[in-house]
Amino acid sequence: MAETKQFKAESKRLLEMMINSIYTHKEIFLRELISNASDAIDKLYFKSLTDDKVGMSKSDFKIFIKADKDNGTLTITDNGIGMTAEELENNLGIIANSGSLAFKTANSDAKEKEDIDVIGQFGVGFYSAFMVAKEVEVRSKAYGSDKAYVWKSEGVDGYTIDECDKDTVGTEIILTMKENTEDEQYDDFLAQWKIKSLVKKYSDYIRYPIMMDMEKTRYLEDKDDEEGNSEPKTEKYIETETLNSMVPIWKKNKTEVTEEEYNNFYKEKFYDYSDPLKSIHVKTEGTATYNALLYVPSQAPFDYYSKSFEKGLQLYSSGVLIMDKCADLLPDHFSFVRGLVDSEDLSLNISRELLQHDRQLKLIARSLERTIKNELKKMQTNEREKYEKFWKQFGVQIKFGVYNEYGAHKEVLKDLLLFTSSAEKKLVTLEEYVSRMKEDQKYIYYAAGDTVDKIDLLPQIERFKDKGIEVLYLTDNVDEFAVKTLENYDDKQFKSISESGADLDSEEEKEAVKKASEENKELLEYLKSALDGKVTEVVISEKLKSHPVCLSNKGQISLEMEKVFNSMPNEEQKIRAERVLEINASHPIFEKLKALFGTDNDTVSKYAKILYDEALLIEGMPIENPLEFSKLVCELMV
Ligand code: ADP
């Protein structure tokens, strides 16, 4: 008998969690063990394709389940690749891939919530057996080895590995079930109906037969006895049944698959713990022949907006996985989509390099892009609330897609966009905005800022509100870039309310502004020179109503864009928007300036500085010399 070995600390902790688990879906242990068995068979099957020595064909591979009620054991047997003693040690003594398990080892008393998250979120694999079993025995013989070994553990105290007898290559896992408790009937998992239904539920598409000897009853031909009573005679017999259909879910017809099945498949396959927002199942024939099962997750993965995120779909060729993350199947703007594509048109042995140039693959990718776009549009039209949820998670990516590659994808994406509108502070599509435009409204107006609330306070907004003109509030960094890339929608140009010349006024109003500008030309010039190159121009505003000043910009770079550019690392030369200081000619302060101009220009200069700093503050920009500003304001107060 070998010595008892200790689990590594992390494994021990996971094991503890499994043993004491209050997780309600303990039944997933079977799915995990079957998946492992299937993976092990995959490995040997792939070997058999290139190595005649394996001596097995596809139909030889199977997984066998045996329930023994008398002994309280459940046995799962596969004829896959098996494990050497070393592999038993390495694979079962420590958690495979423990890096992906983000649970906190430091926190030693497992909280219920945390347990559930860990179990639900990741395939916890082999250890889940300890949710239902008090003892686990793994008997395995690796392909190419003439010795077999048994790994045994009763939980946290450790495990042993010994040599054992086993004739055939593969693995046998024997679970000795826990005793029943008040809340939990562990022997349920030994009932054949239960096992059958669990296999159907979680493992139906496994590509190898999952078999079990089922005890059945049949009626014998009944013979009437002398009194004429007919008593049906029955007989029990054993029949080996294949429990799974082996048809991958994506090859089934849509009508055969329930939403729950789609969702379960997603969660298991892509390690998400929440249901997807949308499942898209397509089968197409024609220029590109393929089946695809695509999912829009309900939440962006934690690393989605980082460099470490890898996009891609699983790629199958006639049911055999050939690539786990085929990036070429998804454009960047739809990189959030998870799922798989199965096509008969692709060769199994195609290399990654060749695949990139594969014409068939390109056709599939194009067709997928169209499908995803149409499905999202449908969601936007028919399930708006859901779409807004989607938008919250992935809207930035779509907007980035509009801006990316000089707008190459803007036509595909423009109708998917949502922006908050000034009207009800609700998200609207561009189509909705345009359909509500006033008859003589030429532009689609937008304002950029940090938050909806802050934009709503901008002095320039007031006049638009008065006139009942809707303004789109752009709050993400990428927004203004996207809008500028779009240039227009439905022949209507976009216009920032901070750009000079918002073209909001009637002819008379314009005339009035023009007149005031001419009359006060010298004052405006003086204010500009007092600001010492900080602004390109000082003008009479067309936009202000009750506020005295605001900033606008000339040229392509807006103040918001200036902020975004300058917040980027590696941006050596600071970019500066051309600032225009707008003054409200109907504000009392303007009267004051007029009165002082010519008699006390010194004070006019000081006021110019204060007004400019005020305008900066309103825009949410830092003022250049806070000390001077404070000094000037105090001077006024005293
Ligand atoms: P995962 O399957 O996520 O890698 P598990 O804890 O379920 O994690 O399994 C750990 C490892 O043990 C597997 O990666 C595999 O190498 C090995 N293993 C588990 N079950 C079997 C089996 N039935 N046959 C061969 N190897 C197995």
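For ligands, and for the atoms within them, numbers begin at 1 and follow the listed sequence.
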Out of Lys43, Glu32, Met83, Glu87, whose heavy atom is nearest to atom 27 (C) of ligand 1?
Met83
Check each heavy atom of Thr171 against ligand 1 and say whether those closer than 4.0 Å belong to the side chain, the backbone, both or neither.
side chain
Should the pair Glu375-Lys377 be classified as a salt bridge under the 4.0 Å nitrogen-to-oxygen rule?
no
Name all residues meeting the side chain to side chain donor-acceptor pair (under 3.5 Å) criterion together with Asn264; count only those two or more places apart in sequence or in a different chain, and write none if there are none.
none
Is Asp146 paired with Lys141 through a side-chain N to carboxylate O contact shorter than 4.0 Å?
no
How would you list, by chain and number, every residue that makes a ring pair (Phe, Tyr, Trp, His ring centres under 6.0 Å) with Tyr143, sequence neighbours excluded?
none
Heavy-atom distance to atom 10 (C) of ligand 1: which of Asn91, Asp78, Asn36, Ile81 wins?
Asn91
